[in-house]
Amino acid sequence: MDVKVHECSPDKRKPIPTDESSLGFGKIFSDHFFTMKYHEDRGWHDPVVEPYRTISLDPTALCLHYGQLIFEGLKAYRGRQGEIYLFRPMENIGRMNASAQRLCMPTVDPELFFEAIKKLVILDREWIPKGKGTSLYIRPTMIATEAALGVHAANEYLFFIVVGPVGAYYAEGFSPTKIYVSEDYVRAVKGGIGYCKAAGNYAASLYASKIAMEKGYTQVLWLDAVERKYVEEVGTSNIFFLIADELITPPLAGSILPGVTRDSVIRMAGSWGIRVSERPLSMDEILAALAAGTLTEVFASGTAAIVSPVGQMFYKGMDYIINDGKIGPLTQKLYHEILQIQYGEKEDPFGWRIRID
Ligand SMILES: *Cc1c(COP(=O)(O)O)cnc(C)c1O
């Protein structure tokens, strides 16, 4: 199947933002998007890059009622000579298909998926910002469109991809976050859909995030749903703790999103000879390490920020300061090295970067 291209007419094009310092995240979208439809009897059909537009849905479209809605998030980066790179896109494509399977949605041929991203990004290449740390955010999404109210897996779907310029996450330098350990609410449970980028997971997280923000914290640190003892993730990022030269992150056991950045951090730190463990880590162990002075760095990982240092943690009525509230050397080095690979500024020994222009 070939991806068709219907170009937007010149008079309908939107102005490309010139002030890259005020891009923010997820507010501006380019001139085109990709769409493809699915019907049980026909499979996927009509893949096309077309002018950006609103979509219309029947009010009973199943995604609006029972949550068959999955998505992905990745970025296109512009190199010094204007060349365009993606970072491990096949990982995002594979993860979207894993989410699709869990929610009884149809998978997409990875080659076609990749071709769709490539055609869209190349057509809208002028929208990729140039400033340091800026990028073009890519949001593939799949929704159930069948009009029906009985609870069942839909027989019709829409797959679309929108792209838009996003600003540098650290425009004002690193600012360590303050996190709030939620004891009352959980994000996901083993056996559920925590490992999928499925809309429902984010709806489930909003209330605890609101409480944390009202108390002055940036993010929620989620604990496991059963014992409320082991750390899982922070906000919509994975989490790492450096304790006595061991870099620890919770294992992928079903309730945690398998982050592409998480995997990159594990492999990169491992290649530097750091002992990296994917193992359960309890709040008791964290507090003991804090008391002993062996917990030296905590950071979140995700596509948005690469890594984000944690400077303070609230748990059971107490605030704990980590590394004097400053970014640690390992966090700093991981950020710098991954960023340079993404923007084509250094060798990529892992084969993570793909040039698409
Ligand atoms: C997207 C996401 C992550 C990070 O994944 P990356 O592939 O590194 O961007 C972590 N946790 C949650 C809940 C997420 O939605």
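In listed order, ligands and their atoms are each counted from 1. All of these numbers come straight from a predicted model, not from anything done at the bench.
- For the pair Gly73 and ligand 1, no heavy-atom separation below 4.0 Å is found.
- Inclusion of Glu233 in the set of residues having an N or O under 3.5 Å from an N or O of ligand 1 is warranted.
- Of all atoms in ligand 1, numbered sequentially from 1 with element shown, those under 4.0 Å from a heavy atom of Ser237 are 10 (C), 11 (N).
- Heavy atoms of other residues, nucleotides or ligands lying less than 6.0 angstrom from CD of Glu214 number more than 12.
- Atoms of ligand 1 lying under 4.0 Å from at least one heavy atom of Arg95, given by number and element, are 5 (O), 6 (P), 7 (O).
- Checked by distance only, ligand 1 and Asn92 stay at 3.5 Å or farther apart across all their nitrogen or oxygen atoms.
- In this structure, Arg262 CZ and Ile256 CD1 are separated by 7.0 Å, a value rounded to the nearest 0.5 Å.
- On a distance-only criterion, Ser301 and ligand 1 share no N/O pair closer than 3.5 Å.
- Looking at Val260 next to ligand 1, an N or O pair under 3.5 Å apart turns up.
- Summary of contacts: the protein heavy atom closest to atom 5 (O) of ligand 1 is Gly259 CA, 3.4 Å.
- The shortest contact between atom 3 (C) of ligand 1 and any protein heavy atom is with Thr236 O, 3.3 Å.
- In this structure, the protein non-hydrogen atom closest to atom 14 (C) of ligand 1 is Lys197 NZ, 3.0 Å.
- Within the 4.0 Å heavy-atom cutoff, Glu91 does not count among the residues contacting ligand 1.
- Contact check for Ile239 versus Trp222: no side-chain heavy atoms found under the 4.5 Å cut-off.
- At least one side-chain heavy atom of Cys63 sits less than 4.5 Å from a side-chain heavy atom of Leu57.
- The shortest N or O to N or O distance between Arg187 and ligand 1 is not under 3.5 Å.
- Distances from atom 15 (O) of ligand 1 to the heavy atoms of Tyr202, Phe71, Trp222 show the closest one on Tyr202.
- Lys210 NZ: 12 or fewer foreign heavy atoms inside a 6.0 Å radius.
- One finds no salt bridge joining Glu20 and Lys130 here, because no Lys/Arg side-chain nitrogen approaches an Asp/Glu carboxylate oxygen to under 4.0 Å.
- The nearest protein atom to atom 8 (O) of ligand 1, hydrogens excluded, is given as Thr261 OG1, 2.6 Å; this is a heavy-atom distance.
- Atom CG of Asp19 is surrounded by more than 12 heavy atoms from other residues, nucleotides or ligands within 6.0 Å.
- In terms of protein heavy atoms, atom 9 (O) of ligand 1 is closest to Thr303 OG1, 2.6 Å.
- The environment of Arg80 atom CZ is sparse: at most 12 non-hydrogen atoms of other residues, nucleotides or ligands sit within 6.0 angstrom.
- More than 12 heavy atoms of other residues, nucleotides or ligands shown are found within 6.0 angstrom of OH on Tyr202.
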(Q) Would Tyr77 and Tyr343 count as a ring pair (Phe, Tyr, Trp, His ring centres under 6.0 Å) here? Give the steps. (A) CA-CA 6 Å; Tyr77 307 89; Tyr343 287 82; 5.0 Å; yes
